[in-house]
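Order of the sequence lines sets the chain letters (A, B, ...), proteins ahead of strands, with each chain counted from 1.
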2 protein chains.
Amino acid sequence: MPTPSDAVRDAALSVPRTARQRARTEITREIIETARRHLAESGAAGLSLRAVARDLGMVSSAVYRYVPSRDDLLTALIIESYEHLGDAVARSEAQLRRGDLVGRWLAVCHAVRDWALANPHEYALLYGSPVPGYAAPQDTVPAGTRVPMLLMQLSADIIDAGMSPEPQRVPRAVHGSLVPLREGSGLPGSVPDDSIVRGIMAWTTLFGAVSLELFGQYGDGIADPRALFDHEMHRIAALLVAPDQ
Amino acid sequence: MPTPSDAVRDAALSVPRTARQRARTEITREIIETARRHLAESGAAGLSLRAVARDLGMVSSAVYRYVPSRDDLLTALIIESYEHLGDAVARSEAQLRRGDLVGRWLAVCHAVRDWALANPHEYALLYGSPVPGYAAPQDTVPAGTRVPMLLMQLSADIIDAGMSPEPQRVPRAVHGSLVPLREGSGLPGSVPDDSIVRGIMAWTTLFGAVSLELFGQYGDGIADPRALFDHEMHRIAALLVAPDQ
DNA sequence: CCTTGTCAAGAGCGCTGCTCTCGTCTCTTG
DNA sequence: CAAGAGACGAGAGCAGCGCTCTTGACAAGG
């Protein structure tokens with residue numbers, strides 16, 4: 001008695017057994033794929049289970065054999081999109097010399113921005129207002145932390161290279177605030193609070209800049225958003241690694 | 001022959017003449033008010049013209065005499081929300097001594113965050129993913145730039161007080177990128193590019209921090225978001241005004 | 001072979017945004 | 001003051017949505 005939730009999971013793992021099960025995971029994958037195409041074209045708000053079914057030549061009720069609900073389909077798309085973004089960023093960042101810390105930071109920045117510009121609806125789904133009530137369940141967390149994790153690794157590398165800026169004192173309350181993050185991320189205890197704060201602020205500014213641009217907050221006030229973005233991220237770089245090179 | 005768009009505008013201006021017109025602006029205002037209540041409770045996605053009509057004891061088609069479409073209603077709510085946020089921020093910032101530049105910056109930060117926490121759905125409507133296709137027309141621009149304008153004024157005051165940090169060199173492309181913003185904001189030409197960039201980055205980090213927290217990107221990694229936010233904004237303060245006090 | 005379980009299809013419920021018509025009421029003009 | 005022009009509320013209706021339930025056909029396993 002396979003439930004639709006199982007189908008979504010199996011489609012990701014893709015470990016079929018009988019012909020029935022193979023067909024099942026196959027169709028589930030097709031549904032998610034078609035939904036991803038619709039998402040890219042019309043955005044999350046315009047994603048319709050019925051339209052997806054129509055595209056696949058099946059009737060809407062049949063889709064519910066494979067997907068429990070529209071929200072679950074969106075959740076699957078969220079996870080998939082996080083992975084796509086994570087892949088794009090990791091791929092871009094991996095091309096640089098490990099010792100080129102500033103270069104790696106800038107690579108992450110532009111990879112995020114480029115991906116967001118290429119996939120605006122997906123980015124909006126990930127980082128915009130949470131659409132379906134407050135859907136985002138625990139399933140999306142591991143995928144969603146990939147980019148922040150990558151930045152944490154970069155922070156650790158900066159420390160190892162002895163390129164950290166003069167550590168700044170961090171208030172007691174902030175130290176306590178970071179405890180669950182330390183535990184959840186497996187960050188070595190030797191990383192000082194100051195570095196974590198710097199990492200968070202860098203990620204915050206990166207996210208903020210991309211979102212402001214993509215969500216139209218600049219209006220037509222900024223002629224060349226890429227130039228501004230690049231400059232901003234260069235300035236943040238000075239926050240992350242000491243300028244003495 | 002009053003069009004529904006006129007009704008929405010008149011409700012804001014409220015200059016009635018005949019009894020008919022007074023009733024018209026009155027009802028239009030009630031519609032927007034009820035819609036704002038629904039927005040606060042269920043979010044933009046859950047806002048239904050029919051539900052608003054039901055709440056007002058009228059039939060759905062009657063609402064269309066006053067509001068051209070759901071998107072226009074949302075646009076009206078966007079403008080109203082921008083004004084509310086702008087009021088809250090301006091009120092909070094005005095309470096501080098003009099010379100207390102860091103204090104004014106922090107007041108703006110906490111006013112934005114407090115308002116966002118108190119009105120999450122409104123904040124999501126303003127700064128989250130643009131819901132209705134790409135609605136946000138020109139009407140929302142003046143209201144939407146209130147907070148950034150306030151920060152621009154703060155930047156100008158910092159310069160006037162001679163408290164600006166050592167100006168940093170700004171690339172040619174970035175200078176050009178800022179031209180339309182200079183023209184649109186009536187900023188005095190004496191304000192250097194560097195100050196504008198600092199202002200944009202401050203606004204970017206403020207916006208990013210509030211959005212990351214409100215949209216659930218911190219997960220449960222941050223125990224005391226307010227403490228972290230306050231600390232981050234203090235650090236940004238050092239970017240805006242020279243630490244020599 | 002035959003039972004069990006999976007499947008696609010269709011009908012249907014309640015909701016949505018939006019349009020059109022119709023009878024009524026009000027304001028304005030002759 | 002009366003008559004025509006215009007604004008209005010109510011209702012029916014269309015197409016779409018998410019989702020549920022029933023029905024009949026098919027395949028898998030005992």
(request) Mark up nucleotides 15-24 of chain C, 5' to 3', with B wherever a protein heavy atom is under 4.0 angstrom from a base atom, S wherever such an atom reaches only the sugar-phosphate, and - elsewhere. (result) -BBBBB----
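- Heavy-atom minimum distance, A/Ala209 versus A/Tyr218: O-OH, 4.1 Å.
- Outside the 6.0 Å centre-distance limit, the rings of A/Phe215 and B/Tyr127 are not counted as a close aromatic pair.
- Here CE of A/Met201 is found 7.5 Å from OG1 of A/Thr204. Values are rounded to the nearest 0.5 Å.
- A donor and an acceptor atom, one from each side chain of A/Thr205 and B/Thr205, are located under 3.5 Å apart.
- Residues B/Val89 and B/Trp115 have side chains not in contact (no heavy-atom distance under 4.5 Å, counting atoms from C-beta outward).
- Residue B/Leu73 is classed as having no contact, given no heavy-atom separation below 4.0 Å to the nucleic acid.
- In this structure, A/Ile27 places its CD1 atom 15 Å from P of C/dT6, rounding to the nearest Å.
- A heavy-atom distance below 4.5 Å is not found between the side chains of B/Tyr82 and B/Arg146.
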Give every donor-acceptor pair under 3.5 Å between a side-chain atom in residues 42-56 of chain A and any protein atom, sequence neighbours left out.
from    : atom 1 : to      : atom 2 : distance (Å)
A/Ser42 : OG     : A/His38 : O      : 3.1
A/Ser48 : OG     : A/Arg50 : N      : 3.2
A/Ser48 : OG     : A/Ala51 : N      : 3.0
A/Asp55 : OD2    : A/Arg37 : NH2    : 2.8
A/Asp55 : OD2    : A/His38 : NE2    : 3.2

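- One can place CD of B/Glu26 at 20 Å from P of D/dA7, the figure rounded to the nearest angstrom.
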(message) Assess the residue pair A/Ile32 and A/Tyr66 against the criterion (side chain to side chain contact (heavy atoms under 4.5 Å, CB included)); give the C-alpha distance rounded to whole Å, side-chain angles, the decisive distance to 0.1 Å, and a yes or no.
(response) CA-CA 10 Å; A/Ile32 296 183; A/Tyr66 302 91; over 6 Å; no
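- Sorted by first and then second residue, the salt bridge (Lys or Arg N to Asp or Glu O under 4.0 Å) pairs involving residues 222-232 of chain A (not counting sequence neighbours) form an empty list.
- One interatomic measurement links the two molecules: CG of A/Asp72 to C1' of D/dG18, which rounds to 13 Å at whole-angstrom precision.
- Residue pairs that meet the salt bridge (Lys or Arg N to Asp or Glu O under 4.0 Å) test with at least one member in residues 105-127 of chain A, sequence neighbours left out, are A/Arg36-A/Glu122, A/Arg113-A/Glu213.
- B/Tyr66 has a side-chain polar atom (N or O) that falls below the 4.0 Å cut-off from OP1 or OP2 of D/dG9.
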Using the 3.5 Å cut-off, write out each protein N or O paired with an N or O of nucleotides 26-28 of chain C and the distance between them.
from   : atom 1 : to      : atom 2 : distance (Å)
C/dT26 : O4'    : B/Arg20 : NH1    : 3.2
C/dT26 : O4'    : B/Arg20 : NH2    : 3.4

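- One side chain, B/Asp72 or B/Ser69, offers a donor N or O that lies under 3.5 Å from an acceptor on the other.
- Note on the helix from C/dC1-D/dG30 to C/dG30-D/dC1: terminal axis deviation equals 10°, with five pairs used at each end and the result rounded to 10°.
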